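To start, the structure under review is shown below, and the notes come after it.
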Number of protein chains: 2
Amino acid sequence: MADLNTSASKRNTWQKDAVRHALGEATGFVSAQQLHLVLRNHGSTIGLATVYRALADLASAGDADVLNSNDGELIYRACATGHHHHLICRSCGATVEIDASKVENWADAVAAEHGFTETSHTIEIFGTCSACHS
Amino acid sequence: MADLNTSASKRNTWQKDAVRHALGEATGFVSAQQLHLVLRNHGSTIGLATVYRALADLASAGDADVLNSNDGELIYRACATGHHHHLICRSCGATVEIDASKVENWADAVAAEHGFTETSHTIEIFGTCSACHS
DNA sequence: ACACTAATGAGAATCATTGTCAATAAACCA
DNA sequence: TGGTTTATTGACAATGATTCTCATTAGTGT
């Protein structure tokens, strides 16, 4: 019974759909805890561990972006397209996806210059958006 | 700037010196736990909480860089000069400080373009250094 | 040396995240 | 459709990093 095409056979559950949907509804980045709370407040009986698992799956499938907030918790965001970076408002959490091909190239070049291979990078820009900048 | 210990008077203790020194000795980024272990192995009786406090102080004084490792722990590094970024070997932890004025400007420009002010950013490059890339 | 009080350290407390495992329910097949 | 298989769930325990508590220790100015 080996599923050759879909790596490890996955099942579709309403829990995964709920997490995916809730993540899509959210504006900006949200933590697993926040998402779980929202779902429970909407009457869902989903478990916290399941939210964590679903988010981890989404992230590893490339359907969600992860980054660690400054106070050490992982926060997630629904993410449509391929590789990109974020411009995030520190006060309201609004997020703008930004293309960064120039920086990509710069990062790869710098790494290569120092003999590094298999490079990856973390690039995030934080600021105060115009709405929050009274 | 460097207003001396007037209102928030700080005291100099051998513990803080030990942490500062151990951090200077380390190559690359180290966690508070690792640093504590190293100090204890060298015969120090310093407490873990003190290592955490000393590192937090160094970081907020601008004498150390902080970043979160991918497995969710804070790692520190002695940092000589102003603003810069890092190229880090994923396997041996070797670190290269890189100047990134081009990217600085890019980041500020992108932020301004979207009406963001008071911008800051996180830019780190990870890879496998030539020594580790057998 | 003395007094004042910041800093220390041992352990408890916190908090996000992950592991455990019996019970549940997708997906597949006859 | 009903039965079987087994991935997935969820309640709770466990982990692990970091922070807090508080009695004790030790810098610093007088």
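These numbers come from a predicted model, not from an experiment. Convention: sequence-line order gives letters A, B, ...; per-chain numbering from 1.
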To the nearest angstrom, how far is [X] atom [atom1] from [N] atom [atom2]?
X	N	atom1	atom2	result
B:Asn70	D:dG16	CG	P	18 Å
A:Leu37	C:dC15	CG	P	14 Å
B:Leu35	D:dT18	CG	C1'	15 Å
A:His36	C:dT17	NE2	P	13 Å
A:Leu39	D:dG10	CG	C1'	14 Å
B:Asn68	C:dA16	CG	C1'	14 Å
A:Gln34	C:dC15	CD	C1'	14 Å

From [X] atom [atom1] to [Y] atom [atom2], the distance as rounded to the nearest 0.5 Å:
X	Y	atom1	atom2	result
A:Leu55	A:Arg20	CG	CZ	11.0 Å
A:Leu74	B:Asn70	CG	CG	10.5 Å
B:Ser31	B:Tyr52	OG	OH	7.0 Å

With under 30° as parallel and over 60° as perpendicular, where do the rings of B:His121 and B:His85 fit, or are they tilted in between?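 Plane angle between 30° and 60°, so tilted.
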Looking at residues at least two apart in the chain, or sitting in another chain, which of them share a side-chain hydrogen bond (donor to acceptor under 3.5 Å, both in side chains) with A:Thr119?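 In terms of side-chain hydrogen bond (donor to acceptor under 3.5 Å, both in side chains), with neighbours along the sequence ignored, A:Thr119 is linked to A:Asp108.
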Kindly indicate whether the side chain of B:Leu67, heavy atoms from C-beta on, has any atom under 4.5 Å from the side chain of B:Ile88.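 In short, these two side chains touch, coming nearer than 4.5 Å.
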A:Thr27 versus A:Thr95: any side-chain heavy-atom pair under 4.5 Å?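 Side chain of A:Thr27 against side chain of A:Thr95, heavy atoms only: no contact under 4.5 Å found.
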Heavy-atom count around B:His21 NE2 within 6.0 Å, excluding the residue itself: above 12?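 Check fails, neighbour count at 12 or below.
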Identify whether any heavy atom of A:Ser31 sits under 4.0 Å from a base atom; if not, whether one sits that close to sugar-phosphate; answer base, sugar-phosphate or nothing.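 No contact.
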C:dG19 base to A:Arg53 side chain: any donor-acceptor pair below 3.5 Å?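 A donor-acceptor contact between them is absent.
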Can you give me the N/O atom pairs linking the protein to nucleotides 25-28 of chain D at distances under 3.5 Å, or say none if there are none?
residue : atom : partner : partner atom : Å
D:dG27  : N2   : B:Arg11 : NH2          : 2.9
D:dT28  : OP1  : B:Asn12 : N            : 3.0
D:dT28  : OP1  : B:Asn12 : ND2          : 3.4

Strictly below 4.0 Å: does A:Tyr52 bring a side-chain N or O up to OP1 or OP2 of C:dT17?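 Yes.
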The side chain of [X] lies closest to which of these nucleotides: [options]?
X	options	answer
A:Ala32	C:dG9, D:dA17, C:dT17	C:dT17
A:Leu48	D:dC12, D:dT18, C:dT17	C:dT17
B:Lys16	C:dT17, D:dC12, C:dA7	C:dA7

Does A:Leu58 offer a backbone N or O that forms a donor-acceptor pair with the side chain of A:Lys16 under 3.5 Å?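 Flag not set: sc A:Lys16 to bb A:Leu58 has no pair under 3.5 Å.
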Could you say whether B:Leu74 or A:Ile46 is positioned toward the 5' end of DNA chain D, judged by the nucleotide with the nearest heavy atom to each?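 The answer here is A:Ile46.
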Both A:Asp57 and A:Arg40 contact DNA chain D. Taking the nearest nucleotide for each, which residue is further toward the 5' end?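 Its nucleotide being nearer the 5' end, the pick is A:Asp57.
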Helical bend (five base pairs per end, nearest 10°) for the helix from C:dA1-D:dT30 to C:dA30-D:dT1: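 Between the first-five-pair axis and the last-five-pair axis there is 40°.
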